[in-house]
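Step one of this worksheet: look at the structure below.
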Protein chains: 2
Amino acid sequence: MNSRPIPDATVGRLPIYLRALFDVLGDRGATISSETLARLSGVNAAQLRKDLSYLGTYGTRGVGYDVQYLMVQISRELGLTQDWPVAIIGFGNLGHALLNYKGFAERGFHVVAVFDTLKSKIGEKAGNLLVKHIDELTDVAGSQEIAIAIIATPAPAAQDVADRLVEARITSILNFAPCIINVPPEVSVRKVDLSMELQILSFYEQRTKESPPVNRAIKA
Amino acid sequence: MNSRPIPDATVGRLPIYLRALFDVLGDRGATISSETLARLSGVNAAQLRKDLSYLGTYGTRGVGYDVQYLMVQISRELGLTQDWPVAIIGFGNLGHALLNYKGFAERGFHVVAVFDTLKSKIGEKAGNLLVKHIDELTDVAGSQEIAIAIIATPAPAAQDVADRLVEARITSILNFAPCIINVPPEVSVRKVDLSMELQILSFYEQRTKESPPVNRAIKA
DNA sequence: GACTGTGAATAGTTTCACAGCC
DNA sequence: GGCTGTGAAACTATTCACAGTC
């Protein structure tokens with residue numbers, strides 16, 4: 001079965017598989033079994049096979065998956081065969097860290113513009129870019145064909161930034177500000193909330209302290 | 001129904017509710033309906049009510065939830081009524097951003113130690129702390145009773161750091177390095193992978209470009 | 001009348017287990 | 001024999017719809 005809808009849960013794991021394949025990438029023509037790739041990815045082998053089966057029939061029974069070929073297929077499915085120009089809004093500590101993060105370029109994400117509102121930051125050097133005022137967003141986004149933006153501002157500014165992003169016809173937003181932003185339904189938002197992750201850890205930490213240490217595999 | 005197991009999916013949403021309540025926090029005794037709180041949190045009202053019902057019976061029919069009281073209950077459930085000393089391993093860009101992130105302290109997470117391996121970084125100022133060599137991890141973690149650590153190193157160093165954390169009896173790890181780390185089952189790990197989030201956005205972005213713009217609410 | 005709490009229904013996800021192919 | 005692909009089973013999560021309470 002090859003045709004459409006790939007479950008959201010599967011989509012969320014494809015980048016993990018891709019990373020694992022990248023790490024294991026050896027000779028041309030090397031293959032990997034579902035068992036091995038699953039272990040490297042921290043999932044169950046049956047789940048890995050089912051996930052991959054949504055993309056197509058890329059394995060060979062009795063042999064496994066061709067590493068290179070599988071990487072190409074997953075990349076294509078994720079839309080990583082093209083370059084994605086990305087904008088970062090907010091050039092504080094987090095904005096700096098994101099700009100310098102090597103993992104983006106590896107996957108075809110190129111930061112092509114950095115915006116802020118603070119007078120003091122406008123014109124500052126950001127890698128080989130200059131920080132622009134957010135009023136230039138629509139112009140720059142249009143001319144550079146930016147579809148993806150990263151919000152790295154404080155929470156109070158996030159909704160205003162989101163509104164501007166929507167106006168600039170950006171359709172995918174990664175939000176690091178610790179708040180919910182409202183956007184029209186055709187815009188995709190993903191949220192990374194740093195303190196949220198710690199709170200979830202705190203929950204399980206407390207649990208294991210209360211009762212005798214019991215395994216806790218955490219998901220989602 | 002009050003007794004135990006709170007679903008993982010619910011635990012993952014409690015911090016969102018807490019954030020929304022915090023934002024709406026007004027007068028003493030103010031109440032909020034499941035409808036309103038759900039909207040602010042970006043979830044369905046029935047789901048919110050079911051989630052809260054796992055914690056106990058904290059609402060009043062015909063009225064809603066007392067904002068302050070509900071915040072206390074959620075905080076208690078998440079283990080946020082105590083302070084959590086936290087260590088950051090890796091003092092690069094991301095380590096800096098995390099150290100300066102205000103959202104942690106708000107929820108009782110206090111960075112009490114920062115480690116690195118680079119000679120040049122040891123002794124450097126990190127807020128009101130000094131960066132220590134990772135060899136001191138076990139000593140410091142023991143004396144400061146650190147239970148939670150954040151890995152903010154490059155990927156190749158992450159597994160070694162994780163092993164040291166386990167040895168230092170740290171039981172909760174937030175991993176920002178783009179790789180899977182192996183730990184014994186009694187240790188909780190959560191992973192934040194920045195480029196993974198962009199890859200998932202890329203998938204949905206590509207989808208909407210292929211077919212006429214269709215709503216895409218993304219979860220997981 | 002307004003709004004919560006929750007069984008029942010539905011939808012989605014994971015795991016099992018094995019047929020089918022190399 | 002080894003390993004994939006996948007129906008069926010088991011489990012988990014979400015949503016509906018309404019009885020119960022203020």
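When reading the values below, keep in mind they use all heavy atoms of this one structure, side chains included, and skip hydrogens, waters and symmetry mates. Letters go in sequence order (proteins before strands), and every chain restarts at 1.
- Within the 4.0 Å cut-off from OP1 or OP2 of C:dC22, not a single side-chain nitrogen or oxygen of A:Tyr65 is found.
- For B:Leu37 and C:dA2, the CG to P distance is 20 Å, given to the nearest whole Å.
- Neither OP1 nor OP2 of D:dT4 sits under 4.0 Å from any side-chain N or O of A:Thr60.
- Distance, B:Gln47 CD to D:dA13 P: 10 Å, rounded to whole Å.
- Side-chain N or O atoms of B:Ser75 include none that pairs as donor or acceptor with a backbone N or O of B:Thr81 at under 3.5 Å.
- The distance from the CG atom of B:Asn175 to the CD1 atom of B:Ile181 is 4.5 Å, given to the nearest 0.5 Å.
- In this structure, the CD1 atom of A:Ile32 is 16 Å from the C1' atom of D:dG2, given to the nearest Å.
- Atom-to-atom, CD of A:Glu35 to C1' of D:dT4 comes out at 12 Å; the value is rounded to the nearest Å.
- Each of C:dT4, D:dA13, C:dG5 was ranked by its minimum atom distance to the side chain of B:Ser53; first place goes to C:dG5.
- Summary of the strand contacts: A:Val63 and A:Pro7 both lie near DNA chain C, and taking for each the nucleotide with the nearest heavy atom, the more 5' one is attributed to A:Pro7.
- The distance between atom CG of A:Leu55 and atom P of D:dT6, rounded to the nearest whole Å, is 12 Å.
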Please determine whether salt bridge (Lys or Arg N to Asp or Glu O under 4.0 Å) holds for the pair A:Glu77 and B:Arg207, giving the CA-CA distance in whole Å, both sets of side-chain angles, and the decisive distance to 0.1 Å.
CA-CA 9 Å; A:Glu77 198 64 53; B:Arg207 266 303 147 84; 3.4 Å; yes

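- If you take CG of B:Asp8 and C1' of C:dG12, they are 16 Å apart, rounded to a whole angstrom.
- Picking from C:dT6, C:dA17, C:dC3 the nucleotide with the shortest atom distance to the side chain of B:Arg61 gives C:dC3.
- Between the CG atom of B:Leu52 and the P atom of C:dT6 there is a distance of 11 Å, rounded to whole Å.
- Residue A:Ser33 is the one, among B:Arg49 and A:Ser33, whose nearest nucleotide of DNA chain D lies closer to the 5' end (criterion: closest heavy atom).
- Contact annotation: A:Thr57 side-chain N/O to D:dG5 OP1/OP2 distance is not under 4.0 Å.
- Between the CG atom of A:Asp66 and the C1' atom of D:dC3 there is a distance of 15 Å, rounded to whole Å.
- Listed nucleotides: C:dT14, C:dA8, D:dA13. Nearest to the side chain of B:Lys50: C:dA8.
- For B:Glu106, the CD atom is densely surrounded, since the number of other residues' heavy atoms within 6.0 Å is greater than 12.
- Distances shorter than 4.0 Å separate none of the side-chain N or O atoms of A:Asn44 from OP1 or OP2 on C:dT13.
- Rounding to the nearest 0.5 angstrom, the gap separating the CE atom in A:Met71 from the CZ atom in A:Arg19 is 10.5 Å.
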